[in-house]
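Chain naming here is simple, since letters A, B, ... match the order of the sequence lines and numbering starts at 1 in each.
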Amino acid sequence: MTQLIKINNASLQFADGTVAISDTSLQVEQGEFVAIVGPSGCGKSTLLRLASGLISPTSGTVERSASVQYVFQDSTLLPWRTVKKNVALNLELQKIDPAEIERRTNSAIDLVGLSDSANKLPRQLSGGMKMRVSLARSLACEPQLFLFDEPFAALDEFTRERLNLELRTILQTHNSGSLFVTHSIAEAVFLSHRVLIMSPRPGTIARSVDIPFSTDRSQELRYSAEFAEICGDIASSLRGMAHR
Amino acid sequence: MKRRLSRALGPIIVFGLFIGCWYWVAYSLHNNFSPASGKPMIIPPPHRLFEDFHGAVRERIFTALLISTRTAITGLAISALVGVILGIVMSQAKWIERSLWPHLIALQVTPIIAIVPLMVRLIGANFTARVLVTVIISIFPIVSNTLFGIQSIHPSLHDLFRLQNCSRWVTLRKLQLPAASPSIFTGLRVSAGLAVIGAIVGDFFFTKGDPGLGQLITFFFLNNLSGPMFITALFATGLGLMLFLGFGALNRIVIGRWHESVTR
Ligand SMILES: Nc1ncnc2c1ncn2[C@@H]1O[C@H](COP(=O)(O)OP(=O)(O)OP(=O)(O)O)[C@@H](O)[C@H]1O
Ligand SMILES: [Mg+2]
């Protein structure tokens with residue numbers, strides 16, 4: 001298995017003295033989906049920014065051997081660009097051949113089911129549709145590693161579950177790796193092969209839980225006893241942290 | 001249709017009240033009408049405003065209007081160009097912003113009349129000096145709105161561009177300028193009004209050179225031609241209004257499609 005990213009004993013201290021990440025190691029391999037859950041403010045976004053290279057660790061190392069796309073919590077669309085132009089943005093910035101941009105943009109828009117809205121402006125879209133555009137923008141780049149920072153946090157439960165399923169289906173054909181930050185334990189368990197539980201002050205990975213389900217997952221899985229048991233286990237780990 | 005009518009009602013009533021007050025002041029003012037000729041001396045009532053608007057008077061007003069329009073537009077164009085560039089430069093680094101900001105504030109609060117004598121000495125009381133006054137009066141809103149517009153871009157959007165390893169130039173062209181354009185247009189509209197004020201005020205101070213609207217108002221005032229004086233003021237207002245509306249229309253054309261403040 002090829003390693004896409006490897007973080008070794010990384011720590012990060014902000015200029016104001018806050019230690020956001022302390023002695024944290026993790027790795028993501030090709031085809032692997034890893035979720036990170038943890039209480040608010042424990043350093044999940046910071047860890048993801050470290051992984052992306054937006055910031056560098058104060059100590060320790062980050063080895064990235066893959067092309068990366070970052071999916072933000074808010075859809076970060078440019079309001080003056082149509083859906084299609086927004087999806088094309090990252091490819092355009094990477095100075096890729098226009099014919100290739102056209103092909104990849106169209107197929108990404110198809111993949112997230114927005115072909116009918118390709119010429120709409122962001123303000124004409126619902127929250128769920130905006131998030132799909134943001135997903136399509138990253139998908140079009142065909143990266144080896146996706147970094148997701150709570151991409152579905154602002155959506156309603158129903159839209160969120162549907163997008164979870166779609167994301168699984170899309171990524172299965174991609175063989176790329178993912179690091180997925182979320183507040184929702186059920187989302188983490190449903191999507192991933194491995195769930196990392198982060199503890200706060202200073203932020204570090206307290207526990208890693210392997211998810212035993214097969215790659216073929218349907219919505220029904222969410223209502224199985226085993227699913228509930230794993231979620232309960234993770235929840236009690238998190239609760240333990242809050243009381244420390 | 002009915003809604004548009006009821007919307008127009010407020011402004012119409014206020015305008016009516018304004019005209020009413022005008023009449024009241026014009027006719028209650030002591031000595032407003034010359035006992036010999038019956039001509040208005042201080043404030044002409046609205047229906048007699050255009051009595052003298054013909055021949056040489058009209059010629060002079062149109063020439064002055066042309067001169068002031070040229071000053072205002074030249075000044076505004078320079079303000080827009082220099083102002084947007086200054087705003088962009090200041091947005092690129094905190095230390096540049098900190099170095100320039102106090103001087104811009106100083107320029108903004110300096111009473112223009114205090115530096116007029118200096119300008120007369122340095123460049124003379126000519127077109128350049130008038131344009132310079134216009135620029136000094138109108139540049140501040142453009143700089144501050146450009147800077148504000150760029151600084152209020154959501155940090156994740158900047159991250160998005162940084163993650164694609166974009167140069168500053170590409171980020172400026174594809175993110176910062178378009179994102180800041182609604183704010184820049186707000187600045188331009190405020191500055192358009194200020195540029196007209198600048199052109200006329202500058203004209204007031206420089207008693208030499210081609211007379212614009214400001215000097216003409218002084219001339220009519222000194223010659224007791226209150227009607228033409230009022231008309232000149234009216235044209236100055238019209239000039240400001242035209243520029244203001246012009247930028248409003250340009251704003252709608254350029255960003256109306258996507259920006260909420262315009263579509264609502
Ligand atoms: N630029 C910064 N300067 C100083 N402290 C920061 C900075 N950014 C984040 N922090 C601090 O670092 C800690 C971790 O922040 P981070 O945003 O990574 O948390 P998070 O786990 O993503 O939280 P949430 O779940 O609410 O998104 C917090 O205590 C935060 O206050
Ligand atoms: Mg976060």
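Looking only at heavy-atom pairs under 4.5 Å with chain A, the residue among B/Val170, B/Leu175, B/Asn165, B/Leu163 that has the most is B/Leu163. The most heavy-atom pairs under 4.5 Å with chain B, out of A/Pro122, A/Cys141, A/Gly53, A/Pro79, come from A/Pro79.
Residues forming a ring pair (Phe, Tyr, Trp, His ring centres under 6.0 Å) with A/Phe33 (at least two apart in sequence, or on another chain): A/Phe180. Partners of A/Arg137 by salt bridge (Lys or Arg N to Asp or Glu O under 4.0 Å), not counting sequence neighbours: none found.
Ring geometry for A/Phe148 versus A/Phe146: interplanar angle under 30°, hence parallel rather than tilted (30 to 60°).
Taking the centre of each ring, B/Trp101 and B/Phe140 come in below the 6.0 Å mark.
Checking side-chain atoms of A/Lys44 against main-chain N and O of A/Met198 turns up no donor-acceptor pair under 3.5 Å.
Contacts of A/Leu54 with chain B are made by both backbone and side-chain atoms, with heavy-atom separations under 4.5 Å. With a 4.5 Å cut-off on non-hydrogen atoms, A/Gln69 touches chain B through its side chain but not through its backbone. Contacts of A/Asp149 with chain B are absent, with no heavy-atom separation under 4.5 Å from either backbone or side chain.
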